[in-house]
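First comes the structure, then the notes that go with it.
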Amino acid sequence: MLNDVKVIICGKEYKLRTAESPNYVFSLARTLEGKINEHVNSTSGTSPYTAAIMVALSLLDDLNKSNQHAENIRNQTKEYVDEAGKNRIERDAALKEIEVLKSKIVQLENMVKLKQLKDSI
């Protein structure tokens with residue numbers, strides 16, 4: 001369901017149609033306006049339009065860095081999962097080998113007992 005939301009940013013009204021909740025959109029608008037005002041107040045002679053562009057560039061930079069960080073985490077997780085799969089295969093092979101060796105030990109112990117029995121006869 002789409003919500004019609006009106007927000008005011010730097011004195012200008014914007015009508016939005018969004019799937020997000022109105023409170024969420026209002027919160028975004030307040031945050032954006034705060035960042036724009038912060039930029040306007042910190043740099044003399046900066047218009048709200050220029051400040052909005054600078055804020056947008058800063059937010060895009062943050063977004064790109066966050067996306068790259070998330071991609072790095074996904075790649076690292078994939079490597080861990082692949083390594084865990086290889087380790088599981090190696091473990092399963094080792095467990096099978098242990099079972100084979102246990103069986104051989106039992107066979108050898110039986111052969112020793114049989115030889116001892118033959119020697120005692």
| field | Sequence neighbours excluded - side chain to side chain donor-acceptor pair (under 3.5 Å) pairs with any residue from residues 43-68 | value | Ser47-Thr50, Asp61-Lys65, Gln68-Asn72

Do [X] and [Y] belong together in a cluster built from hydrophobic side chains that touch within less than 4.5 Å?
X: Tyr24; Y: Ile9; answer: no
X: Tyr14; Y: Leu59; answer: yes
X: Ile53; Y: Leu32; answer: no

| said: What I want to find out is whether Lys86 reaches Glu83 closely enough, with some N-O distance under 4.0 Å, to be called a salt bridge. | reply: no

| said: For Asp92, is there an ion pair with Lys96 - N to carboxylate O distance below 4.0 angstrom? | reply: no

Listed pairs under 3.5 Å, donor-acceptor, residues 111-121 side chains, sequence neighbours left out:
{"residue": "Ser120", "atom": "OG", "partner": "Gln116", "partner atom": "O", "Å": "3.4"}
{"residue": "Ser120", "atom": "OG", "partner": "Leu117", "partner atom": "O", "Å": "2.8"}

| query | When you look at CD of Glu97, are more than 12 heavy atoms from neighbouring residues, nucleotides or ligands closer to it than 6.0 Å? | reply | no

What's the spacing between [X] [atom1] and [Y] [atom2] if we round to 0.5 Å?
X: Tyr80; Y: Ile73; atom1: OH; atom2: CD1; result: 10.5 Å
X: Arg17; Y: Asp4; atom1: CZ; atom2: CG; result: 4.0 Å
X: His39; Y: Met54; atom1: NE2; atom2: CE; result: 4.5 Å
X: Ile105; Y: Ile98; atom1: CD1; atom2: CD1; result: 10.0 Å

| Does Thr31 use its side chain to pair, donor to acceptor, with the backbone of Ser27 at less than 3.5 Å? | yes

| note | Nearest heavy-atom contact between Pro48 and Val40 is CA-CG2, 3.9 Å

| Nearest heavy atoms of Pro22 and Val5, plus distance in Å | CA-CG2, 4.0 Å

| query | Is the closest side-chain heavy-atom distance between Val7 and Leu16 below 4.5 Å? | reply | yes

